[in-house]
Amino acid sequence: MRLRPVLVIPALVGVLLVAAFGVLLARMEPGRDVRTMRSGVTDKPLPAVRLPVLAQRGGPVLDTALLEPPYLLNVFGSWCAACVVEHPVLTELAAQGVAVHGIAWRDDPADTRAWLVRHGDPYTAVGVDRTSGAVIELGVSGAPETFLIGRDGRIRFHHVGVLRRDLWEQEIKPLWEATP
Amino acid sequence: MQIFLVLLVFLVTPAAAQQVAPDVLLPDPAQEAEAMRIARTLRCVVCQGESIAESNAPLAADMRALVRRMVAEGADHQAVESFMRQRYGDVVLLRPPLQGALWLLWLAPLLGVVVGGLAVARVMRRHRLGDQSSDSKEN
């Protein structure tokens, strides 16, 4: 029987679709959420963020204009379950001398303080953002999220979700060391 | 079992169920309507399937407040839209602008109909020709 295009074309389309889905499926890996939104702020200058700080450490306000880059900016909250998961990584990085600043998002300062007492406090300063003003400015869609601010004041890396050790080693650390 | 599942839901929600204060509407009804019209075109980045006008997510509530503030300060739809796009990218628009590969997505059904139609037309023509040739054989 001759292969007729009417039969071949739909079959070919089917095969191509399966192949495309296969590629997408293969690119999924544990710990990588394919639904997370692409960042709109990477490589853009860090917007000016001024927030009152928690417990009067490092000045009365957290002002991105006054912070000395490079540093990590981490959005968290005591209500955020996944933040507990990444907290040891931040603690470890802070111990290694990486400057980590925090933004406590939509959180009662008393709750934030209690949470930091319970889980340890890796932050040099913690800004309090109760109405999402700073968080929207940063293009944040959930907690936790972490930014790497380079020496040039630009956002070098924006990670949505839990900060894993391997992510730091493989993607953020090279940027940290090479920050222009 | 079902009861257990329902109870499980209550166990899981506290992380998400933050107190959201009721919206403070703009005193000017026209401005309020305009703010809500804009809010309906912006995607809630937490829930993604909803606009920030209808979402109960705390971030959506804060974004509504921000849109209201911008409108009250005289910002038009375009200004609010570009503000959000700069921070969240095109995904923040519920109706993303037609560009690049999106054209293909929109034109795909039309393309499918045209290609399919051509294929059907061809098959039918061959069918008719085939009928005629067999007719002529029989005669």
Side-chain angles (χ1 to χ4, degrees), chain A residues 2 4-13 16-17 20 33-47 49 75-85 104-108 111 115 129-145 147 155 158 160-161, chain B residues 11-21 23-24 42-49 52 55 57-70 80-93 96 101 108 111-112 115-127 130:
Chain A
R2 232 182 85 244
R4 287 156 56 197
V6 201
L7 292 174
V8 173
I9 290 171
L12 212 65
V13 169
L16 281 177
L17 274 179
D33 187 351
V34 286
R35 287 178 317 148
T36 48
M37 315 213 329
R38 248 176 312 159
S39 170
V41 296
T42 309
D43 288 332
K44 289 190 186 156
L46 179 73
V49 169
V75 177
F76 73 103
S78 70
W79 48 268
C80 157
C83 296
V84 183
V85 179
W105 179 25
R106 270 194 158 269
D107 205 10
D108 189 312
D111 293 340
W115 191 84
D129 186 8
R130 302 198 68 173
T131 51
S132 310
V135 152
I136 293 173
E137 205 59 61
L138 289 163
V140 166
S141 52
E145 287 193 20
F147 299 84
I155 295 168
H158 177 191
V160 178
Chain B
L11 262 181
V12 182
T13 34
Q18 293 180 66
Q19 298 283 311
V20 179
D23 281 24
V24 182
L42 296 171
R43 184 187 306 278
C44 164
V45 290
V46 182
C47 17
Q48 300 196 6
I52 60 167
S55 172
L59 181 58
D62 289 341
M63 280 184 166
R64 281 198 298 273
L66 179 64
V67 170
R68 285 197 175 95
R69 200 159 64 239
M70 289 180 81
V80 177
E81 195 178 287
S82 77
F83 176 91
M84 291 295 181
R85 273 173 84 181
Q86 268 169 30
R87 283 150 187 84
Y88 289 98
D90 286 341
V91 263
V92 80
L93 306 179
L111 217 68
V115 171
L118 283 176
V120 169
R122 241 186 97 169
V123 170
M124 283 177 71
R125 220 186 67 216
R126 194 176 297 164
H127 214 73

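Just so we're on the same page: letters track the sequence lines, and every chain starts at 1. Computed from a predicted model, the values in this text were never measured in an experiment.
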Q) Which residues pass the side-chain hydrogen bond (donor to acceptor under 3.5 Å, both in side chains) test with A/Ser78, sequence neighbours left out? A) A/Asp107
Q: Taking all non-hydrogen atoms of both residues into account, name the closest pair between A/Arg106 and B/Leu59 and its distance.
A: NE-N, 4.4 Å
Q. Which heavy atom of A/Val135 sits nearest a heavy atom of B/Tyr88, and at what distance?
A. O-OH, 3.9 Å
Q.
Which atoms of B/Val46 are under 4.5 Å from chain A, going by heavy atoms: the side chain, the backbone, both sets, or neither?
A. both
Q) Taking all atoms of both residues into account, what is the closest heavy-atom pair of A/Lys44 and B/Gln86, and its distance? A) NZ-O, 2.7 Å
Q: Can you see which heavy atom on B/Arg87 is nearest to which on A/Ile136, and at what distance?
A: CD-O, 3.3 Å
